[in-house]
Protein chains: 2
Amino acid sequence: MKIGEIAKAAGVTTSRIRFYEKRGIIAPAARDANGYRDYPVELVSLLKFIEQAQGLGFTLKEISSVEVRADDHPISCAEAIDLLTVKLRSVEALIVEAKDRKRRIEALIGELAGREQSAA
Amino acid sequence: MKIGEIAKAAGVTTSRIRFYEKRGIIAPAARDANGYRDYPVELVSLLKFIEQAQGLGFTLKEISSVEVRADDHPISCAEAIDLLTVKLRSVEALIVEAKDRKRRIEALIGELAGREQSAA
DNA sequence: CTTGACCTTAAACCTAGGTTTAAAGCCTAT
DNA sequence: ATAGGCTTTAAACCTAGGTTTAAGGTCAAG
């Protein structure tokens, strides 16, 4: 499949695919006689997986560290669970931080509202 | 006060202060005869305010839009409450998104754990 | 009178994840 | 054979919020 076809199938841009290849996040494509990249149809699901992982808060660096393993032998369930657990902890930390931020903003609003009351 | 003094008092770097000045987030400093910046002591509290606002999730752009007003006449309580409320909504949205992300990661872990069980 | 600590500027560099552009080559239909 | 739509590359550009560096000026102490 040519880069435009695979891009359309996966719902990403061609520039993004070339960018991923340059960064080593996906394997270098085979080339046709004319130099055009020729990708296997399986890449579509990998590209979709990358999007999903990004949606879960994984960086490309983290994703790529899993991908490299995929070339060799697939990552084990236990390893995947470990990675996900680490990410889970940081998402939980983010929630705690965001809640605290929310609390502080609410307190500030309350304070200002009170001031407005007494000024009125 | 020279830039190093004000930086120390506010707990920020000198490069950051120059950066803020260049970006128009703080007013250009008066200059001594030798060309050194000469800042009023009040800038310390402004710099601390900027830090606080960043901690609440405001971008420098947002902060600067408030600061510009401060040159003219101080922002009103009602206006401040409006800005804070907008920010509050986005923090709440972030919390919702993060919780959803957490839920999805947990589901994935559960799925993998189940698979490991049946493989064992 | 020189050393060291401070100050000045512009411009380059950094992370992250790409997009955009320029200049060129290829392919298909007409 | 030529128009348009695809492809190639390297390199520059983008946001955000700064830091770092280079090359130089200033000031107080010893």
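Numbers restart at 1 for each chain; the letters A, B, ... are given by sequence-line order, proteins then strands. Bear in mind the structure is a predicted one, so any value in this text is a computation, not a measurement.
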(request) Any pair with a residue in residues 3-20 of chain B that passes salt bridge (Lys or Arg N to Asp or Glu O under 4.0 Å), sequence neighbours left out, goes on the list, sorted by first then second residue, please. (result) B/R16-B/E51
(request) For the residue pair B/I26 and B/I50, establish whether any side-chain heavy-atom pair is separated by less than 4.5 Å. (result) yes
(message) Go through it in stages, so that I can follow the logic: the residues are B/S76 and B/E79, the test is side chain to side chain donor-acceptor pair (under 3.5 Å), and I'd like the CA-CA distance, side-chain angles, deciding distance and then a yes or no.
(response) CA-CA 5 Å; B/S76 75; B/E79 283 171 317; 3.2 Å; yes
(message) Can you measure A/I3 atom CD1 to D/dT8 atom P for me and round it to whole angstrom units?
(response) 5 Å
(request) Please figure out whether A/T59 or B/T14 has its closest DNA chain C nucleotide nearer the 5' end. (result) B/T14
(message) In whole Å, I'd like the distance from the CZ atom of B/R23 to the C1' atom of D/dT19.
(response) 13 Å
(request) Grab the CD1-P distance between A/I17 and C/dG17 for me, whole Å please. (result) 17 Å
Side chains of residues 40-48 of chain A: which donor-acceptor pairs under 3.5 Å do they make with residues two or more places apart or in other chains?
unit_1, atom_1, unit_2, atom_2, d
A/S45, OG, A/E42, O, 2.9

(message) What I'd like to find out is whether the side chain of B/E106 reaches to under 4.5 Å of the side chain of B/I109, using heavy atoms alone.
(response) no
(request) To the nearest Å, give me how far apart NZ (B/K2) and P (C/dC7) are. (result) 6 Å
(message) Using OP1 and OP2 only, check whether a side-chain N or O of A/S15 sits under 4.0 Å from C/dT20.
(response) no
(request) Rounded to the nearest angstrom, tell me the gap between atom CD1 in B/I6 and atom C1' in C/dC6. (result) 16 Å
(message) With rounding to the nearest 0.5 angstrom, report the CG to CZ distance, B/L94 to B/R89.
(response) 14.5 Å
(message) Using a 4.0 Å cut-off on heavy atoms, which residues in residues 28-43 of chain A reach DNA chain D? List them by number, or say none.
(response) A/R31, A/G35, A/Y36, A/R37
(message) So if I take every side-chain heavy atom of A/L60 and compare against D/dG17, D/dT7, C/dG17, which nucleotide ends up nearest?
(response) C/dG17
(request) Examine C/dT19: is either OP1 or OP2 under 4.0 Å from a nitrogen or oxygen in the side chain of A/T13? Give yes or no. (result) yes
Atom pairs under 3.5 Å, N or O on each side, protein against nucleotides 11-14 of chain C: can you list them with distances?
none

(request) Kindly indicate whether the side chain of A/L56, heavy atoms from C-beta on, has any atom under 4.5 Å from the side chain of B/L108. (result) yes
(message) With heavy-atom distances below 4.5 Å as the criterion, would you say the side chains of A/T85 and B/I105 are in contact?
(response) no
(request) Report the distance from atom CD1 of B/I50 to atom P of D/dA16, rounded to the nearest whole Å. (result) 17 Å
(request) Calculate the interatomic distance between A/F19 atom CZ and C/dT15 atom P; express it in whole Å. (result) 12 Å
(message) Within the structure provided, determine whether A/L60 and A/R23 are in side-chain contact (heavy-atom separation under 4.5 Å).
(response) no
(message) Check this one for me: any side-chain N or O of B/R18 less than 4.0 Å away from OP1 or OP2 of C/dT8?
(response) yes
(request) Kindly state which residues belonging to residues 82-91 of chain B come within less than 4.0 angstrom of DNA chain D, counting heavy atoms of the residue only, listed by number. (result) none
(request) Report yes if the side chains of A/F19 and A/T13 come closer than 4.5 Å at any heavy-atom pair, otherwise no. (result) no
(request) Flag the pair B/Y39 / B/E21 as yes when at least one side-chain heavy-atom distance between them is below 4.5 Å, and no otherwise. (result) yes
(message) Please report the end-to-end axis angle for the helix from C/dC1-D/dG30 to C/dT30-D/dA1, five pairs per end, rounded to 10 degrees.
(response) 30°
(request) Please confirm whether the backbone N or O of A/A30 pairs with a side-chain atom of A/R37, one donor and one acceptor, at under 3.5 Å? (result) no
(request) Establish whether B/Y36 and B/I3 are linked, either directly or via other cluster members, by ILVMFWY side-chain heavy-atom contacts under 4.5 Å. (result) no
(message) Closer than 3.5 angstrom, by distance alone: can the side chain of A/D32 be matched with the main-chain N or O of A/D38 as a donor-acceptor pair?
(response) no
(request) Would you please confirm or rule out a distance under 4.0 Å between OP1 or OP2 of D/dA16 and any side-chain N or O of B/Q54? (result) no
(request) Using whole Å, report how far CD1 of A/I63 lies from P of C/dG17. (result) 8 Å
